[in-house]
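The block underneath contains the structure these notes are about, expressed in structure tokens.
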Amino acid sequence: MDQNIAKQFFQKENLYLVSPYVSRAVEDKILRIWKETEYQDHVFLMSSGTTSTASIKTYVLSKESIINNCKSVNSFFGIDEKQVFLGSLPFYHIGGLSILIRAKLAGAKVYPFNSSWNVQSFINAVDIQGISCCSLVPTQLYDIIRLGVKAPRTLKMVFIGGDFLNSELAKQALVLGWPIIVTYGMTENASQVASGHYKELKNEHIPILPGNFIYKKDDKYWLKSQSLFSECINIFPDYVEFSKQTGDLALSDNISLIEESNLQWLKPLGRSDDFFKIKGRLYNYLELKDIWLNELFQQDVLDYVEIIAVDDPREGKVLQALYLAEVALNIDDILNGINLKLPEPITIRSSQLVKRFDRTALGKLKNN
């Protein structure tokens with residue numbers, strides 16, 4: 001499958017990538033809508049952040065944009081024909097597709113990871129093929145670190161993306177020798193905007209890659225890039241929204257930006273709705289999230305508890321814990337440990353037992 005995708009990408013035809021997890025009827029609908037457009041030499045794919053059942057957000061990216069982004073990453077990290085890639089992310093998302101294209105442009109080998117995810121299968125694949133570059137999401141990194149697995153000697157770069165990486169997990173990964181690279185990216189920009197080795201970040205800010213420039217205008221941050229998408233196609237049950245991209249892209253995320261000597265670094269602060277008020281005071285959800293993820297990591301229950309912010313008519317937002325049956329007997333102690341670390345007046349006010357956590361292919365918790 002991966003070799004066919006790489007071959008089709010470098011042919012003068014459109015490449016249509018639909019998630020295998022949608023139904024046949026939905027797949028047929030998506031493909032029909034995509035093929036009715038007039039684009040040529042483009043890639044059509046679903047947003048890696050699509051979790052809602054109300055609509056399916058898809059993007060049209062020129063192959064030139066994807067190639068530009070991949071060349072930027074290869075150049076920044078010195079990726080060449082000596083590297084060996086592992087295709088450890090789904091190829092129907094931009095992160096997984098980019099692995100194939102970076103390898104092809106660098107003249108490097110790439111091996112698919114066809115097994116269902118588990119740590120031993122992953123380590124075996126790295127050892128057998130002598131993998132030097134791969135991509136993981138934070139949940140996969142957590143599975144590795146909780147077992148105390150040291151990094152295989154061949155690994156040189158492990159790109160971490162797809163979701164929020166908490167600081168304690170990153171520090172433990174470094175202790176075990178994992179050469180993690182923190183990334184900030186989006187489908188809209190053909191994958192990465194900023195990437196850097198965790199131990200070389202600038203005050204937790206990530207270097208912005210060549211070919212990308214961020215500026216502030218009208219209280220918004222804007223991205224000027226050589227890799228922006230051509231059009232967003234949002235497919236609803238009864239209608240379709242088409243939104244062409246013209247000019248620079250207004251970032252939906254809040255960021256902190258550092259600029260020195262024509263170089264830029266950014267720190268993601270979350271989307272606008274990640275800032276919420278509790279008792280009239282404004283809080284950053286990602287900063288709070290780092291606190292409870294660190295505590296859950298320390299208690300070795302990261303797989304079994306999720307914290308979400310829910311609406312409250314009196315206080316604006318309150319925190320609620322969702323937990324699995326495996327930790328039901330200990331949930332009060334777990335939440336007390338978190339509450340002791342959270343800033344006043346924030347506490348987790350309620351908890352709910354759930355049968356499972358529904359996650360996307362990249363490990364993100366799906367919207368309720």
Side-chain angles (χ1 to χ4, degrees), residues 17-27 29-30 45-59 88-96 113 115-119 121-122 135-144 146 160-166 169 185-187 234-237 252-253 270-271 273-274 276 285-286 288-290 292-293 295-297 299-312 317-328 330-331 334-335 338 348-368:
L17 301 176
V18 181
S19 166
Y21 297 108
V22 302
S23 68
R24 180 60 183 271
V26 172
E27 178 181 2
K29 180 179 180 179
I30 293 172
L45 40 70
M46 298 168 63
S47 167
S48 59
T50 296
T51 60
S52 172
T53 57
S55 69
I56 300 173
K57 183 174 287 186
T58 72
Y59 286 96
S88 47
L89 295 180
F91 296 133
Y92 50 84
H93 285 319
I94 189 61
F113 182 65
S115 303
S116 297
W117 169 257
N118 69 72
V119 174
S121 295
F122 170 74
S135 296
L136 296 173
V137 297
T139 52
Q140 293 172 324
L141 182 64
Y142 169 69
D143 291 341
I144 293 168
R146 71 181 298 195
I160 306 295
D163 203 354
F164 180 77
L165 173 66
N166 73 289
L169 177 58
M186 60 191 76
T187 308
N234 207 2
I235 303 172
F236 293 84
S252 57
D253 289 326
R271 295 181 179 272
D273 55 7
D274 283 336
F276 56 85
Y285 179 75
L286 289 189
L288 298 177
K289 186 174 182 178
D290 194 48
W292 67 64
L293 287 182
E295 181 66 18
L296 293 173
F297 178 78
Q299 296 193 44
D300 197 23
V301 292
L302 202 57
D303 283 336
Y304 307 112
V305 183
E306 288 281 351
I307 312 297
I308 60 174
V310 296
D311 293 328
D312 183 85
K317 292 280 188 180
V318 295
L319 298 180
Q320 180 184 55
L322 307 177
Y323 64 95
L324 302 181
E326 287 88 340
V327 296
N330 302 318
I331 189 62
I334 293 169
L335 299 185
I338 297 173
I348 299 170
R349 302 286 291 276
S350 63
S351 60
Q352 179 182 343
L353 175 67
V354 296
K355 292 183 178 179
R356 65 182 182 277
F357 295 131
D358 291 326
R359 300 186 184 278
T360 68
L362 296 184
K364 295 180 181 178
L365 185 69
K366 288 187 178 180
N367 296 336
N368 293 322

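Small disclaimer: the values here were computed from a predicted structure and weren't measured.
Looking only at side-chain heavy atoms (C-beta outward), Tyr142 and Asn166 stay at 4.5 Å or farther from each other. A heavy-atom distance below 4.5 Å is not found between the side chains of Met46 and Leu17. Side-chain contact check for Ile56 versus Asn234: every heavy-atom pair is 4.5 Å or farther apart. Between Leu141 and Leu165, some side-chain heavy-atom pair lies under the 4.5 Å cut-off. Side-chain contact between Arg349 and Gln320 is absent, with no heavy-atom pair separated by less than 4.5 Å. No side-chain heavy atom of Thr58 sits less than 4.5 Å from a side-chain heavy atom of Leu45. Leu293 places a side-chain heavy atom less than 4.5 Å from the side chain of Phe164. Taking the side chain as every heavy atom from C-beta outward, Leu353 and Tyr323 approach each other to under 4.5 Å.
Nearest heavy atoms, Ala321 versus Leu335: CB-CD2, 3.7 Å. Tyr92 and Pro20 make their closest contact through CE2-CD, 3.2 Å (heavy atoms, listed as atom of the first residue, atom of the second, distance). Heavy atoms only, all atoms of each residue included: Val354 and Leu324 are closest at O-CD2, 3.6 Å. When all heavy atoms of Ser47 and Thr187 are compared, the closest pair comes out as CA-OG1, 4.0 Å. When all heavy atoms are compared, the tightest approach of Gly161 to Pro138 is O-CD, 3.3 Å.
Between the side chain of Ser55 and the backbone N or O of Lys57 there is no donor-acceptor pair closer than 3.5 Å. In this structure, Ser88 contributes its side chain and Ser135 its backbone to a donor-acceptor pair below 3.5 Å. No donor-acceptor distance shorter than 3.5 angstrom exists from the side chain of Lys289 to the backbone of Ile308, with no hydrogens or angles considered. In terms of modelled atom types and a separation under 3.5 Å, the side chain of Gln140 and the main chain of Val137 share a donor-acceptor contact.
Between Phe113 and Phe122, the angle of the ring planes goes over 60°, which puts this pair in the perpendicular group of the 30/60° scheme.
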From CA spacing to verdict: side-chain contact (heavy atoms from CB on, under 4.5 Å), Leu288, Asp290: CA-CA 5 Å; Leu288 298 177; Asp290 194 48; over 6 Å; no
Pair Trp292-Leu319, side-chain contact (heavy atoms from CB on, under 4.5 Å): steps then yes or no: CA-CA 11 Å; Trp292 67 64; Leu319 298 180; 3.8 Å; yes
Full working for side-chain contact (heavy atoms from CB on, under 4.5 Å) between Trp117 and Leu136: CA-CA 11 Å; Trp117 169 257; Leu136 296 173; 4.2 Å; yes
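For the atom pair CD of Gln299 and CD1 of Ile338, the computed distance is 6.5 Å after rounding to the nearest 0.5 Å. Atom OH of residue Tyr21 and atom CD of residue Glu27 lie 13.5 Å apart, to the nearest 0.5 angstrom. Rounding to the nearest 0.5 angstrom, the gap separating the CG atom in Asp143 from the CG atom in Asn118 is 9.0 Å. Between Ser350 atom OG and Leu322 atom CG the span is 8.5 Å, to the nearest 0.5 Å.
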